Amino acid sequence: MTGSRPISSLDWRGTGADPEGDIVLAGARVLDPREGIDASRDIVVRGGEIAELAPAGDGEADGAEVIEAEGMSVFPAFFDPHVHLRTPGREDEEDLETGSRAAAAGGYCGVLAMANTEPPVDSAADVAALREEARERAAIPIGFLACVTRGMEGSELTEMAELAAAGAVGFSDDGLPISSARVLRRALQYQRLAGRPIALHEEDAELSAGGAMHEGTVSAALGIGGVPSVSESTMIARDAALAAYEDARVHIQHLSAAESVAAVEQAKAGGVAISCEATPHHLTLTDEEVRSLDSRFKMNPPLRAETDRQALIEGLRSGAIDCIATDHAPHSPDEKEVPFEQAAMGVTGLETAFSAIYTELVLPGVLELATLVERLSGGAEPFGFVAPRIAPGAEANLVLVDTEAEWDAGAEGWESRSHNSCFAGMRLRGRVLMTIAAGRVAYRQRSFAMGVA
Amino acid sequence: MRHLLSIEDLDREDIDRIMERAASFAEVGRRDIKKVPTLRGRTIVSLFYESSTRTSSSFELAAKRLSADVVSVKAAGSAVDKGESLKDTIATLSAYAPEAIVIRHPYAGAAKLVTGWTSAAVVNAGDGKHEHPSQALLDAYTLLDRLGTLEGKRIWIVGDVLHSRVARSCALCFRMLGAEVTICGPPTLIPRGAAEGLGVAVADDLADLGEADVVYALRMQRERMKESFVPSIREYAANYQIDSRRLGPRQLLMHPGPVNRGVELSPEVIDGPASLITAQVESGLVVRMAILYEILAGGDPRGAGARADDAELPAPTPIGEPA
């Protein structure tokens, strides 16, 4: 899958604005696995594009802001195909400004927002209003998905062609599965008219009913209803079969179980146009965390067993899993300060995604840094966007990271309006210092000093 | 011990101490005046979000025997009915500065959550399907009273383990005291992962029940057939009911109550010589006195890393005798 639309075609405050002044990122380790670069370079950003990629010390700095970045790293900025920005309806939890600021602080140059808002995004007018708001308030480009079914009720299709024309970047009833195979089949047929991928939250609600955590030894010990792994994997198998039959394109959201990775691998081997994502929390945590009965560890799909986590890591390495998505899901304290089974499902994740995986998987040698970098921006192409890359002439989507810096997650507060992070209080390594999205500086870490040449 | 939230939090010494204390209270219970002044002037709130007869009455009487002031709050008819959150309810009740809150709640972890919202000691009187630690402790007391030790004893817990907080707490508690625990029931009512998660053996049927020293039957809800956990109560009873045919002469029988006569137990074994069901209720009172004593007068300071020496704790003194 390759994308053709630039990230700058999404909506944000930079839409239609004049380019900013030139910037030189001087002497950083530049790592872009797609371009095969891992070397010390000067990156010159001019007119929103990467104008030059020169050996360290050679970058043209005429009148440009020079950022001395020796000892630091520059990667293609990250792209998250799965966030919840709670707008419209729950702006007390997040809005386009706070959510996009959180994304920028996490090194993201683009995010795709899910449609399970209040009310759900299921009309062209809804999409138009969100796009307009993003152009006023968003710190980085945001794309909006629309629902597959009206009101997310799972029965009638939305006006997918009109929604696509209004700018919806894809379709999803995320938060809820499309339980009816008949309805999903119609949507996949209709995709030929509407274009745009369909992103699927895979859950057999009959099997997961009454569950609040992974079904296994920990749920048995805690007496909490379990969500079996097969409630996810059987739906993936069903939907991959439907996609193959209709020659459609599907994206599977937040894989959590080993059986699910196997189902996607089988579908890919059979030539199905299928992509998928995994979250930082499923890659780094297991159901053992739930022993604390802390509602910060409640999300859907749930944290699963160590064998599942290992299967996800292996899928990330092999490419069976195309990208990392945070499923950033802000919740108010009221929805979390209740017993575990009653608590809302979801965790925030944009501000900690890189650092959490870097700390938990890259530093111990479980995952290559290059693989992490590639998967964190791998969410663009399945939705038709050009993957962020570091090459002359490319749109400047860059993240500057100090991989040596240590920080306590959440200690200085969050950019997100909500605080339900499952990594809060953890000591993390690797900190985003600066994010350039579609050619413009979207984030600078407060204490990060810069010089102008 | 600051709170009693789960058996999992306890160690063997905690359990032994509570057992010894309960035995000393049993002695008090045989006197004419059964009340001791130990907790005079202390306030205990009993907050029940689920209906309960024996647990709530047992805690209430235990507190009164220790001369504490008790306030009972039931969910029905209270602010809870009007949609007040647990956090707000606890804040309101904490304004009375109680020394302890005894709470039963339909969801796992509620008691633990409450500890973060109040300075009172918290006693879990049942949280969802998670744990019911005072029940397990009173069951252990009952068995120790009868058997002297649980070391090497085989205990079968039979019935709807999936929905039972009693089964979870008892399995953990009996194992900690050295017993080998087997859980047995219809496969639909045995949680996946139970063998590893609870450290027990799992049996699908009663074929090997003869090996058990103690048979602990669980309450079987008559509604379970509606969710297709069992085809019928009749078939459940045919396969899992403990009756005089299945219960051997040297085996002891327990049940947490209330019993569904003719479902999990046949009438003749309920009232038979092997039945400890009434003894369990009696134990409930003295064990809950011991629990309240332990958290309110026991001294422990587990948080400070030190453990009070048992010998330094005053023995309970009946009112009217010199302290």
Side-chain angles (χ1 to χ4, degrees), chain A residues 205-233 257-259 286-298 302-308 331-345 420 424-425, chain B residues 5-9 49 83-91 103-117 124 126-133 160-172 175 183 189-200 202 227-229:
Chain A
E206 289 279 322
L207 288 174
S208 64
M213 65 176 295
H214 172 61
E215 181 179 84
T217 57
V218 181
S219 67
L222 292 175
I224 292 177
V227 176
S229 299
V230 290
S231 65
E232 179 176 281
S233 59
E259 292 88 339
T286 68
D287 60 348
E288 287 294 328
E289 301 292 339
V290 182
R291 285 191 195 275
S292 66
L293 292 167
D294 187 332
S295 63
R296 287 186 302 135
F297 298 108
K298 185 176 181 187
L303 296 175
R304 296 203 185 270
E306 178 62 16
T307 47
D308 296 301
H331 283 289
S332 70
D334 285 354
E335 294 177 340
K336 286 290 191 180
E337 288 179 342
V338 292
F340 189 88
E341 290 157 275
Q342 287 181 299
M345 295 180 289
N420 53 306
Chain B
L5 303 177
S6 65
I7 296 295
E8 201 163 20
D9 292 343
Y49 284 82
E84 187 175 58
S85 75
L86 179 59
K87 189 180 182 183
D88 288 345
T89 301
I90 295 300
I103 179 171
R104 168 169 290 185
H105 196 275
Y107 293 109
K112 185 178 183 184
L113 202 53
V114 166
T115 62
W117 298 330
N124 179 11
D127 60 333
K129 300 185 284 288
H130 177 217
E131 280 227 35
H132 191 352
D160 180 2
V161 176
L162 185 67
H163 298 96
S164 176
R165 55 189 167 217
V166 174
R168 260 168 279 276
S169 285
C170 281
L172 294 173
R175 280 185 55 228
I183 58 173
L189 291 171
I190 301 293
R192 186 181 174 90
E196 197 187 325
L198 295 171
V200 298
V202 176
E227 302 149 88
S228 67
F229 285 112

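Excluded from the calculations below are hydrogen atoms, water molecules and symmetry mates; all remaining heavy atoms, backbone and side chain alike, are included. All values derive from a computational prediction rather than experimental measurement. Proteins come first, then strands; the chains are lettered A, B, ... in the order of their sequence lines, and each starts at number 1.
- Between atom OG of residue B:Ser6 and atom CZ of residue A:Arg291 there is a gap of 11.0 Å, rounded to the nearest 0.5 Å.
- When heavy atoms are compared at a cutoff of 4.5 Å, B:His105 approaches chain A solely by way of its side chain, counted from C-beta outward.
- No more than 12 heavy-atom neighbours from other residues, nucleotides or ligands sit within 6.0 angstrom of CD on B:Glu196.
- When every heavy atom of A:Ile224 is checked against every heavy atom of B:Ala108, the shortest pair comes out as CG1-CB, 3.8 Å.
- What you find for B:Leu113 and A:Val338 is that their closest heavy atoms are CD2-C, 3.2 Å.
- At least one side-chain heavy atom of B:Leu86 sits under 4.5 Å from a side-chain heavy atom of A:Pro339.
- Heavy atoms closer than 4.5 Å to chain B are found in both the backbone and the side chain of A:Leu222.
- Of all heavy-atom pairs between B:Trp117 and A:Glu337, the closest is CH2-O, 3.5 Å.
- B:Gly197 and A:Ala221 get closest at one heavy-atom pair: O-CB, 3.6 Å.
- Heavy-atom distances place no part of A:Val218 under 4.5 Å from chain B, backbone and side chain included.
- Using a 4.5 Å cut-off between heavy atoms, B:Arg192 contacts chain A through both its backbone and its side chain.
- Per-residue heavy-atom pair counts under 4.5 Å with chain B were compared for A:Asp294, A:Asp334, A:Leu293, and the maximum is reached by A:Leu293.
- Proximity to chain A (any heavy atom under 4.5 Å) is restricted, for B:Glu8, to the side chain, taken from C-beta onward.
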